[in-house]
Amino acid sequence: MNILVINAGSSSVKYQLYDMENAKVLAKGRVERIGMDTAILMHEPANKAEFHKVDEILEHTTAIRRVLDVLVHPEHGVLTSISQIDAVGHRVVHGGESFKNSVLVTDEVKKEIRRLFDLAPLHNPAHMLGITAVEVNMPGVPQAVVFDTAFHQSMPAKAYLYPVPMALYRKHKVRRYGFHGTSHKYVSERAAAFLGRPLEQLKLITCHIGNGASCAAVWGGQSVDTSMGMTPLEGLMMGTRSGDLDPAIVPFVMGKEDLTIGEVSSMLNKHSGLQAISGISSDMREIVEAMEAGDKNATMAFEMYAYRLRKYIGAYAAAMNGVDAIVFTAGVGENSAPLRKAVCEGLSFLGVNFDEEANGQGRGIEKRITKLDSRVEVLVIPTNEEWVIAQDTYRLVKSQTP
């Protein structure tokens, strides 16, 4: 069975095509700048040269059409016919309280995703564009949706409720939802396999650290708390997002600077975090380079970032009354040895015996970065959210096949 995985954004589409029987990626790529006459398709077929094309792509239906065309292209393609794609799996950021698991797309599912637009106005509408575009280009092909929030639906009420009037929860579903759930689920399962221990017996803290970042407390394979909240703004300091702050700052700054709600939202989501403190970049690699060159603002940004991450790890160890392993994943977590060092060297109170040599060796591999006598293991596990989406889609489609 071949499954196409799609992550549709407002002006982009990322894709991967999987051969599920052989667990292989046949091709991957992305379409960027949708809505412009200079949109670009970047296609990477397995065992073939990469292919780039600039063209006018004004909406998502055409973008998906271009993706399908290149997948069956005589020179750049990996299939002979679109009919060889058996199903399509979509990433959907917000499933609210409606979806605790991945589901096949139906009219009712689409209706509910649209109802949740208010909870993820930057993401869910774009995901629906992707679903609709597949329906137009591949009528009758089964589609599945995999939600970023689903893994965290196991959180208890004491973790997901906010201390605000309960009417806000009952009427508007104001609560913690959490995100990056597909990644937290994947790396917690891989961590258990790496350690050779049953997932059901482990207390894990998984750290998905990229431009967007979140931690999760995973106890027995279940998410019991996570740092992102009703939106992806809460929690850790991120590339351009502020993370946690005093909520009174919002009306204070709005009054002092005469800002609108939209402007203050933009400030907190797009102009804060590493970018704001360093004044240089939201990219951790550039922050580290500037810090090593003696830039004080970059140093402050790095130290704040590591400090806040370390605080969350300590809080989740307390929440679970212990921790067996800490997992770093995603772009920064997998690749920034200086960040991992800064965080782990402040966790000796938990029993972390950091191995600096192991920390600096190897990229893109699963590895342990603590010494053998460490009471708490620290692992680096590359995430693979697309593979989780493909697996869930495969399982759902197979369950419907006689």
Side-chain angles (χ1 to χ4, degrees), residues 180 183-184 186-188 190-197 202-219 225-227 235-239 243-244 273-274 277-278 283-285 287-289 291-292 298-383:
H180 297 139
S183 178
H184 289 296
Y186 175 81
V187 299
S188 60
R190 289 303 312 152
F194 183 94
L195 295 170
R197 297 177 60 184
L202 292 174
K203 296 176 181 179
L204 303 172
I205 299 172
T206 52
C207 306
H208 179 105
I209 313 299
N211 190 54
S214 67
C215 287
V218 182
W219 191 342
D225 206 345
T226 190
S227 58
L236 300 170
M237 178 177 173
M238 306 178 218
D244 293 338
L274 286 172
I277 302 301
S278 72
D283 191 312
M284 182 58 75
R285 293 167 296 186
I287 299 295
V288 170
E289 287 177 7
M291 178 178 68
E292 292 174 345
T299 301
M300 178 58 68
F302 180 88
E303 290 179 349
M304 287 175 63
Y305 193 97
Y307 175 70
R308 286 172 166 237
L309 175 52
R310 190 163 59 246
K311 282 206 301 182
Y312 260 100
I313 291 172
Y316 286 164
M320 295 187 292
N321 192 26
V323 58
D324 296 299
I326 299 162
V327 183
F328 286 92
T329 193
V332 177
E334 294 170 28
N335 297 304
S336 182
L339 177 72
R340 295 194 300 262
K341 177 182 177 182
V343 173
C344 291
E345 287 186 337
L347 296 175
S348 57
F349 76 99
L350 283 178
V352 171
N353 191 356
F354 181 65
D355 188 336
E356 187 167 358
E357 183 178 357
N359 184 51
Q361 294 177 345
R363 287 194 175 190
I365 58 171
E366 296 180 353
K367 64 179 181 179
R368 177 186 284 106
I369 59 171
T370 41
K371 296 180 180 178
L372 294 178
D373 63 347
S374 185
R375 294 201 311 274
V376 173
E377 306 269 18
V378 180
L379 309 176
V380 180
I381 306 284
T383 193

Straight-line distance of [X] [atom1] to [Y] [atom2], nearest 0.5 Å:
| X | Y | atom1 | atom2 | result |
| --- | --- | --- | --- | --- |
| K371 | E356 | NZ | CD | 9.0 Å |
| M320 | L202 | CE | CG | 10.0 Å |
| I381 | F328 | CD1 | CZ | 12.0 Å |
| I205 | T226 | CD1 | OG1 | 11.5 Å |
| D373 | N353 | CG | CG | 4.5 Å |
| R308 | R310 | CZ | CZ | 12.5 Å |

Quiz item: Between the side chains of H184 and S214, is a donor N or O closer than 3.5 angstrom to an acceptor N or O?
Solution: yes

Quick one: does any side-chain atom of [X] pair with a main-chain N or O of [Y] as donor and acceptor, under 3.5 Å?
| X | Y | result |
| --- | --- | --- |
| D244 | G235 | yes |
| T383 | T329 | no |
| N359 | A337 | yes |
| R363 | E334 | no |

Exercise. Name all residues meeting the ring pair (Phe, Tyr, Trp, His ring centres under 6.0 Å) criterion together with Y316; count only those two or more places apart in sequence or in a different chain, and write none if there are none.
Key: Y312

Verify the neighbour count for atom [atom1] of [X]: are there more than 12 heavy atoms of other residues, nucleotides or ligands below 6.0 Å?
| X | atom1 | answer |
| --- | --- | --- |
| I365 | CD1 | yes |
| K341 | NZ | no |
| N321 | CG | no |

Show the nearest heavy-atom pair for residues [X] and [Y], with the distance to one decimal.
| X | Y | value |
| --- | --- | --- |
| M300 | I277 | CG-CG2, 3.9 Å |
| S227 | L236 | OG-CG, 4.2 Å |
| R340 | F354 | O-CE1, 4.4 Å |
| A317 | L350 | CB-CD2, 3.8 Å |
| G351 | S374 | O-OG, 3.1 Å |
| C215 | L309 | SG-CD1, 3.4 Å |

Self-check item: Electrostatic pair R285:D283 at N-O distance under 4.0 angstrom
Solution: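 Yes, this pair counts.
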
Quiz item: Would you call L195 and L379 a side-chain contact if the rule is heavy atoms closer than 4.5 Å?
Solution: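 Side chain of L195 against side chain of L379, heavy atoms only: contact under 4.5 Å found.
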
Quiz item: How would you list, by chain and number, every residue that makes a salt bridge (Lys or Arg N to Asp or Glu O under 4.0 Å) with E366, sequence neighbours excluded?
Solution: R190

Quiz prompt | Test side chain to side chain contact (heavy atoms under 4.5 Å, CB included) applied to E377 and F194, step by step | solution = CA-CA 11 Å; E377 306 269 18; F194 183 94; over 6 Å; no

Quiz item: Checking side chain to side chain contact (heavy atoms under 4.5 Å, CB included) for the pair D324/R197: CA distance, chi angles, key distance, verdict?
Solution: CA-CA 11 Å; D324 296 299; R197 297 177 60 184; 4.0 Å; yes

Quiz item: Taking L347 as the fixed residue, which of V323, V376, I326 is the one that meets the side-chain contact (heavy atoms from CB on, under 4.5 Å) rule?
Solution: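 Only one of V323, V376, I326 forms a side-chain contact (heavy atoms from CB on, under 4.5 Å) with L347, namely I326.
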
